[in-house]
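What's counted below: heavy atoms across the whole structure, side chains too, no hydrogens, waters or symmetry copies. Remember, predicted model here, so these are calculated numbers, not experimental data. Chain naming here is simple, since letters A, B, ... match the order of the sequence lines and numbering starts at 1 in each.
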Amino acid sequence: MGLQIDQRNMIARRAAREILPGMTVNLGIGIPELVADFLPSEWNVMFHSVNGILGVGPFPVQGEENAHLSNAGGTPVTLHSGASFFDSSIAYGMVRSGRVDVAFLGALQVSQRGDLANWIVPGKRVYGIGGGPELARYAKKVIVLMSHLNERNEPKILRECELPLSAKSCVDMIITERAVMKVTKQGLCLTEVMYPYSLEEVVTKTGAPLMISEYLQMVD
Amino acid sequence: MGLQIDQRNMIARRAAREILPGMTVNLGIGIPELVADFLPSEWNVMFHSVNGILGVGPFPVQGEENAHLSNAGGTPVTLHSGASFFDSSIAYGMVRSGRVDVAFLGALQVSQRGDLANWIVPGKRVYGIGGGPELARYAKKVIVLMSHLNERNEPKILRECELPLSAKSCVDMIITERAVMKVTKQGLCLTEVMYPYSLEEVVTKTGAPLMISEYLQMVD
Amino acid sequence: MVSKLISIEEAVDQIRDGIRLMVGGFGGIGTPVSLIDRILQKGMQDLTLIGNDAGFADQGVGRLISHERVKRLLTTHIGSNPDAGRQMMEGKLEVLFYPQGILAEKIRAGGVGLPAILVEPDVGIGPSQQEQLVRYAGKNYVIEPALTADVGIVYAKQADTYGNLIYEKAARNINPLVAMAGKITIAEVEEILPAGELNPEHIVTPGIFVNYIVRTSGGMGEWGFRSISET
Amino acid sequence: MVSKLISIEEAVDQIRDGIRLMVGGFGGIGTPVSLIDRILQKGMQDLTLIGNDAGFADQGVGRLISHERVKRLLTTHIGSNPDAGRQMMEGKLEVLFYPQGILAEKIRAGGVGLPAILVEPDVGIGPSQQEQLVRYAGKNYVIEPALTADVGIVYAKQADTYGNLIYEKAARNINPLVAMAGKITIAEVEEILPAGELNPEHIVTPGIFVNYIVRTSGGMGEWGFRSISET
């Protein structure tokens, strides 16, 4: 919420480093949609979209959008070679049978155990459960891409989510504009702090204890 | 068993009279495969095959068979206009959701209540359950086409089937080289006797009581 | 062959107040907009609507919600249509949320005549919605009933007069599933050809599932794209 | 893109004694005959075989049975292969029969990661095979476990190097279902093209489900047609 486009892009660029050539990757709505821009086409990463596309390509140049070709978020896309279309039951068959290597999801809140909340703010806004819980449960690796703080500058990373959960203990990694954290059995482990934030600014603005990785990087 | 080709064709010709234009019809293996020959193409009956065809057409002329185009019985076929291919789960989805109007099945034995046995002769031959039980259970109308007697000249229409059942109380009508019978709640009702058989020959060679229809026809 | 092509007026005569209406489309793409337009014009109400999402307030399936024609909504996501969320919080609209893949399988099960599917309890079906659990092979599963509809409406790119359908790109989405699950299925189609002119290998929905075809009066052009949400 | 095309020898290295092997094809049509040939030559045995039918004694999948390489068979029909019936009666071959549509759905469920399907008890699953019943919405149903396999082998007409598959006519049958249900899926294909050369709308099995592609050495030509049974 409230992130600048360059911050959103920075998160997406960092997220792209979690992908290897040839992987099958699902990009959720929001910041995750930007990840594909930071991967070389010759890596042949196959982007999966739950509305029934495998092999989503880059965004089209303006004026060349196809009215029937968008990702699950409604953003116009193109196709990568080897792409195919299928119905949503098969799209989720790929997910449920464990064939998606990495899922990048947005979130309203994440807990220190990797619980994910991204479907409702009671009394305020209802998004709906969507495909998040199934991606969170069945993708081999789940990475949340989000702003570190909400609109009221409160931490979105918490000991316990306050908002209703979409899925429990599913998140493997969190990437924000301030930091990269891994979810471990012992809790959250901070591995990277992003320029211009300081370690202290990250720790203060995180609502859960952070273990500091012995390999902690301060990223320019 | 042991029927001449002209007897098999006679059964099929009579069976075709149970079909109306535009119906969806499944033809089982054996005599049922012949039924399509007795329907005008312009009736646009859509023949359904459980291996994944809707719109099976006539048998091809010799030499023009396509190695990948056969009905469920393995007999080469052609296509009717409007035909489509799909996998077997969709083929049975059509059956199970009640979209097949008439199924013609072969049988080893049929009981007076419409029980069907057509999958095993214990100690002798195992055919396997195949698609018969589902067609029998879900088609709107089920018609058995078979020889009146088995190889040992014993009746195949019985008070109770001696062979293991494929499906219970599912048959609506039986057509043999000797007779046409309807399965009613009161038992079997004989509606037609085929030339050159006499009423007595039919009754004697049927192993279950036959009510005689007041509209009984002696068919030339 | 008797053609299944009818006028949009005749088609919408199949739709009455209070029915279960299932609609294809995903985030606006692949929605039968002409049929929805006509349903709105005719004033049908008290609908139970089944579809992937609530669309947008002024576009596609979302208009049925914004115009308060829907009393019950079975869906996965309403984030793009604030009217749906507001009506839900005001108690005007009952909403049942299902995870997207589960909703798709429930619709497919209805279409192929299976009674229900088994689902793991931790994929987003709220405990209050878990009607019946079953213990099977050492684990608990939710029994989720198959979904069918009185009328299913879909959008396709091509049809033949028998009702065989071919979709286009991401406009396929849940349309082939919805096309199987209606007692009556109506397809809104761009291009309609004589039976036999579609390649049997390319047909996605066999015509047996389709009762009526109508020619779309378009509408896609005006829409443009909109992102469903920005988290 | 890394091509999934490998030699038939490399492909069959995936198949070991005692595995669960699932095979596409229906009455001989659409069977991966070159892979089966090579499995026979390599001498694999004690297989659990899952497929629509037992084929013919001297053709297609039936040869694995006739050569006594199969200890357990999950299928719907063996009438066309008397060896299967004989081995069954002699106690050499364990056969589990499923109704055809149920077997197809069990395989699909395995492919899309569902745990099981619910089936009406009176569609041909023998009472001794009804492992678990559940009462649901006032009726009894059998819980039929999803089927997966260590290796699934299928026949397709066209593939691209990513493994996208297009079938041909009735050779489609259960192949698209088997292609999803294997931990490893190997497709035997007539024509192999670079990724991007198949129309994305015409692909039946997306390449994500396919691990390896081999070029078929044919075999269809010699077969001719045979009627499965004459009742």
Side-chain angles (χ1 to χ4, degrees), chain B residues 1 28-33 49-53 65-77 79 85-93 95-96 105-108 118-120 122-138 145-147 164-168 170, chain D residues 25-30 52-54 56 75-80 82 84-86 88-89 95 97-109 120 122-126 155 157 167-179 204-205 220-221 223-231:
Chain B
M1 307 278 180
I29 295 172
I31 301 171
E33 291 179 63
S49 188
V50 291
N51 56 340
I53 315 172
E65 297 89 349
N66 181 301
H68 296 291
L69 186 51
S70 79
N71 64 20
T75 308
V77 294
L79 294 184
F85 297 112
F86 35 83
D87 71 51
S88 299
S89 77
I90 297 301
Y92 278 97
V95 175
R96 213 182 294 109
L105 300 172
L108 298 169
N118 70 351
W119 77 281
I120 188 169
K124 289 193 66 182
R125 181 147 186 200
V126 190
Y127 295 93
I129 202 91
E134 294 162 285
L135 286 161
R137 169 87 175 76
Y138 298 113
L145 308 183
M146 64 174 188
S147 57
L165 294 187
S166 307
K168 279 189 187 172
C170 60
Chain D
F26 191 119
I29 313 288
N52 179 74
D53 55 78
F56 302 93
T75 194
T76 78
H77 198 273
I78 64 172
S80 53
R86 185 181 43 73
M88 178 182 163
M89 288 192 275
V95 183
F97 284 111
Y98 296 95
Q100 237 158 23
I102 301 306
L103 188 77
E105 282 292 332
K106 282 164 66 82
I107 293 171
R108 181 187 177 278
E120 296 194 321
D122 53 353
V123 292
I125 300 166
Y155 167 84
K157 179 184 169 65
Y167 303 93
E168 185 172 18
K169 300 188 172 67
R172 187 182 308 199
N173 57 65
I174 67 165
N175 276 303
L177 308 170
V178 171
V204 177
T205 294
M220 278 300 295
W223 301 7
F225 286 93
R226 291 188 234 181
S227 216
I228 286 177
S229 121
E230 303 237 311
T231 304

**Report entry** D:Arg172 CZ to B:Ile90 CD1 distance, which is reported to the nearest 0.5 Å
**Finding:**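 Here the interatomic distance stands at 10.0 Å.
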Report task. Could you grab the distance from atom CD of D:Gln100 to atom CG of B:Leu135, nearest 0.5 Å is fine? Result ->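 Reported value, rounded in 0.5 Å steps: 8.5 Å.
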**Report entry** B:Lys168 bridged to D:Asp122 by N-O distance under 4.0 Å
**Finding:**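 Judged by the 4.0 Å cut-off on N to carboxylate O distance, B:Lys168 and D:Asp122 do not form a salt bridge.
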**Report entry** Closest-packed option against chain B by number of heavy-atom pairs under 4.5 Å, given D:Asn52, D:Val95, D:Ile107, D:Ile102
**Finding:**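 Of D:Asn52, D:Val95, D:Ile107, D:Ile102, D:Ile102 has the most heavy-atom pairs under 4.5 Å with chain B.
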Where [X] and [Y] come nearest, the two heavy atoms and their spacing:
X	Y	answer
B:Ser89	D:Arg108	OG-CD, 4.2 Å
D:Val123	B:Arg137	CG1-CG, 3.8 Å
B:Val126	D:Ile78	O-CG1, 3.5 Å
D:Ala170	B:Asn51	CB-ND2, 3.7 Å
D:Pro99	B:Ile129	N-CG2, 3.6 Å

Query - From CA spacing to verdict: side chain to side chain contact (heavy atoms under 4.5 Å, CB included), D:Glu105, B:Arg96 - result: CA-CA 12 Å; D:Glu105 282 292 332; B:Arg96 213 182 294 109; 3.7 Å; yes
Report task. With a 4.5 angstrom heavy-atom cut-off, could you sort out which part of D:Tyr98 is near chain B: side chain, backbone, both or neither? Result ->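 For D:Tyr98, the contact with chain B is made by the backbone alone.
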**Report entry** side-chain contact (heavy atoms from CB on, under 4.5 Å) involving B:Ala91 - partner list, sequence neighbours excluded
**Finding:**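 Partners of B:Ala91 under the side-chain contact (heavy atoms from CB on, under 4.5 Å) test: B:His48, B:Phe86.
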Report task. Under 4.5 Å, counting heavy-atom pairs only, tell me which of B:Gly52, B:Ser88, B:Ala136 racks up the most with chain D. Result ->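 Highest number of pairs under 4.5 Å: B:Ser88.
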Query raised in the report: With chain D, which of B:Gly130, B:Gly28, B:Gly93 has the greatest number of heavy-atom pairs at distances under 4.5 Å?
Result: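 Ranked by contacts with chain D, first place is B:Gly130.
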Query raised in the report: In terms of ring plane angle, is the pair B:Trp119 and D:Phe97 parallel, tilted or perpendicular, where the classes change at 30° and 60°?
Result: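 B:Trp119 and D:Phe97: perpendicular rings.
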Query raised in the report: Any donor and acceptor pair, going by atom type alone, linking the side chain of B:Arg125 with main-chain N or O of D:Gly79 inside 3.5 Å?
Result: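 Judged by distance alone, yes, a pair lies under 3.5 Å.
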Query raised in the report: So do the side chains of D:Phe26 and B:Val50 get within less than 4.5 Å of each other, counting heavy atoms only?
Result: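 Yes, at least one pair of side-chain atoms sits under 4.5 Å.
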Query - Side chain / backbone / both / neither for B:Ser166 at chain D, heavy atoms under 4.5 Å - result: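 Just the backbone, heavy atoms under 4.5 Å.
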